[in-house]
Number of protein chains: 2
Amino acid sequence: MKRRQPVSIKTVAERAGVSPATVSNVLNAKPSVAPELIERVRNVVAELGYIADNHASRLRSGKHSLAGVVVPDLSNPMFGTFVSTLETLARQDGFDLLVVSAANDVEQERERLNAIRSWRPAGLIVIPCDGALSHRTPSIMPMPIVVVDRLPDDPDYDLIAVNNAQSAAAISAHLSGQGYRSCTVAGSTLSISNVRERWEGAASAAGGMAISMVEVGLETDGIRRRLYETLTQRRPEALFALDHITALIAYQTMTDLGLSTPGDLAFASFDEAEWMRLVRPAITTVRQPIEEMATAAWQQLSQRMGGNADPVRTMRLACSVEIRGSTLREGGRSDTAA
Amino acid sequence: MKRRQPVSIKTVAERAGVSPATVSNVLNAKPSVAPELIERVRNVVAELGYIADNHASRLRSGKHSLAGVVVPDLSNPMFGTFVSTLETLARQDGFDLLVVSAANDVEQERERLNAIRSWRPAGLIVIPCDGALSHRTPSIMPMPIVVVDRLPDDPDYDLIAVNNAQSAAAISAHLSGQGYRSCTVAGSTLSISNVRERWEGAASAAGGMAISMVEVGLETDGIRRRLYETLTQRRPEALFALDHITALIAYQTMTDLGLSTPGDLAFASFDEAEWMRLVRPAITTVRQPIEEMATAAWQQLSQRMGGNADPVRTMRLACSVEIRGSTLREGGRSDTAA
DNA sequence: AGCTTTTGATAAAACGTTTTACGGGAGGTC
DNA sequence: GACCTCCCGTAAAACGTTTTATCAAAAGCT
């Protein structure tokens, strides 16, 4: 009962006593088909459970209903939410999404970007592993591409990102305003444009507070080691983690060392995660507007797929800065700024 | 430089001075092509950046290199990890993944399951929204389907799940063993087979501990209200949340009410999330082996796609039970059981 | 009634591949 | 040298659609 031999448009046509062309016209709601035939075809389609083969239909019509999404890592809830939002939008416009995750690996990203071409997607949305995207993009990429979150080295693509510098500056100013005298900023590596922008933003707004950067790398073990050194050997009064994974390991390390926040040191994070609102005290963060980024990315891609050929465009979205207990001086006031 | 007119196998053939058939033979590594021609074709392919169109190739050869994945909600990190693992496995076998998320909505799930047929995927892996999957599956689904995590009402599909009952029983026994006299089990709804199995397992191993079930539903507001009532009106000595979202809201509510764990009440959760290891004390959980589930699901689907027609099969994987501070009596011992 | 226009349906071509069936030439055997 | 194989390459058919061109019948004019 589950398996049947394949039913094609011809089967439907025969059964309804019409030509395949008519069936096609009915299914694509072309005008000038007699109401009676529409009815008859519809019935047969329902009866047989027929649904047109997208491959054949794409092949002939040249109309693509597939868009590709490349993210560094789907198990990161931030990217999961991003894809999830994107999917809803895409479906509304009649697109399906081919999702690939690059497992945070530049080499895999290259391979996936190449392989995805064979599906001839109408467009691509990419959150690259790092800034060197264009080195990894096959030279022939005939579809529009929108890059999200991380600045590509090559200003050849549309970009949707957040105002990294301003947001980091807000945190920095807040810490300085609370009276902390020294702050260490920890991030994966300055070669990622994101991280660089955040660091520069933070540095620019430190005021009288001594501020320094430590690059912890991308691998768990290395991150843990560098943070351990930082927290034991020259502990600052405040620690500002520039990405989620660094923040997570920093918090773990602090807990392991028996350091409490904000008593022993203030703690803030770029990238907000669920747990940051759950721990006590809750953690001061910069919340990135993921849904808005997805929406903006889809809108932009939509326009490009529709033929829009305006010059490449960069869009910066605002983050919200959530000041919470982890950075407040005892008796300090609580505020929320953007 | 980015855009070029489409290059097809004919373009390659002409440029290499051979027939399209030969190009095809080279690309698909068919035997009996002269080494010299192979070389020549390869060069042209590289030069033009040609890559075969999957749609056309599927259409003619009937060989599908696409598999579908349907999950309730990609922004849930558990499902994100699941898809991510699946993707790696699929790529190793030369498959691409068409990912759709149903936004936890039964109606959307139905619609997506129907729409995905038009891509003629070679197989489907589905984590259904609830147990009534077969009511939502179009009658004609000619490809193999593997259901994961939630028992379908209809034993017509292969199933990969975890030993819900035993794992919940282990938690229940642990709580009872710690000397708690009453326990409330909170879960979305017993109409989800998962939840039912967990509740029954917990109930069966309560020993002398009074145990009762409260169904909190699926919507945030409702969950919050029911949990608030539970915690204020007839607070038990222990609370066992049966799914991640219930656990999250329960923990928030406890924090809001100023209740501490395990002092005011013990707290445990099925489904482990990152934050449960970060809060202090850390939370006792049942950790589901997501990666193993994904691996098992892909293996099973792989076999089915390879033509295996054995009777439908159900596979139960073991969870690990992580006993942590949130359920330990003061001075109690810490243990880890499976 | 004769003419043109409109309407509604279809046959056939086309999309980019893979596969099947065929054919030409080289090599082997008697 | 006639015959048979075997090897290598190609022409053409086929996959399931959509589109284009065509055509018959009906409808609108004078």
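Chain letters run A, B, ... following the sequence lines, proteins first and then strands; every chain starts at 1. Computation of the quantities below employed the complete heavy-atom set of this structure, encompassing side-chain atoms and omitting hydrogens, waters and symmetry-equivalent molecules.
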Is the phosphate of C:dA9, meaning OP1 or OP2, less than 4.0 Å from a side-chain N or O of A:Asn25?
-> no

Answer yes or no: are there more than 12 heavy-atom neighbours, outside B:Arg15 itself, under 6.0 Å from its atom CZ?
-> no

Parallel, tilted or perpendicular: ring planes of B:Phe95 versus B:Trp298, cut at 30 and 60 degrees = perpendicular

Kindly point out which of D:dC8, D:dT17, C:dT18 is positioned nearest to the side chain of A:Lys10?
-> D:dT17

Can you find a side chain N or O atom of A:Ser24 that sits less than 4.0 Å from OP1 or OP2 on D:dT18?
-> yes

Look at the side-chain N and O atoms of B:Arg120 and state whether any lies under 4.0 Å from the OP1 or OP2 oxygen of D:dT17.
-> yes

Of the listed nucleotides C:dT17, D:dT18, D:dG9, the one nearest the side chain of A:Ile9 | D:dT18

Is the distance from OP1 or OP2 of C:dT10 to the nearest side-chain N or O of A:Ser19 less than 4.0 Å?
-> yes

Ignoring backbone atoms, test whether B:Asn28 places a side-chain nitrogen or oxygen under 4.0 Å from the OP1 or OP2 oxygen of C:dT18.
-> yes

Answer yes or no: side-chain N or O of A:Arg60 and base N or O of D:dT17 forming a donor-acceptor pair under 3.5 Å.
-> no

Distance below 4.0 Å between B:Tyr50 side-chain N/O and C:dT17 OP1 or OP2 = yes

Phosphate contact (C:dT19 OP1 or OP2) by B:Lys63 side-chain N/O below 4.0 Å | yes

Reckon B:Thr22 has a side-chain N or O less than 4.0 Å from the OP1 or OP2 of D:dG9?
-> no

Using a cut-off of 4.0 Å on non-hydrogen atoms, how would the nucleic acid contact of A:Ala34 be classed: base, sugar-phosphate, or nothing?
-> sugar-phosphate

Give the ring-plane orientation class for A:His55 versus B:His55, where under 30° counts as parallel, over 60° as perpendicular and anything between as tilted.
-> tilted

Atom-pair distance (CZ on B:Arg40; C1' on D:dC8), nearest Å = 13 Å

Name the one of B:Leu37, B:Ile38, B:Val45 that satisfies side chain to side chain contact (heavy atoms under 4.5 Å, CB included) with B:Val26?
-> B:Ile38

Just to confirm, is there a sub-4.0 Å distance from OP1 or OP2 of D:dT18 to any side-chain nitrogen or oxygen of A:Lys30?
-> no

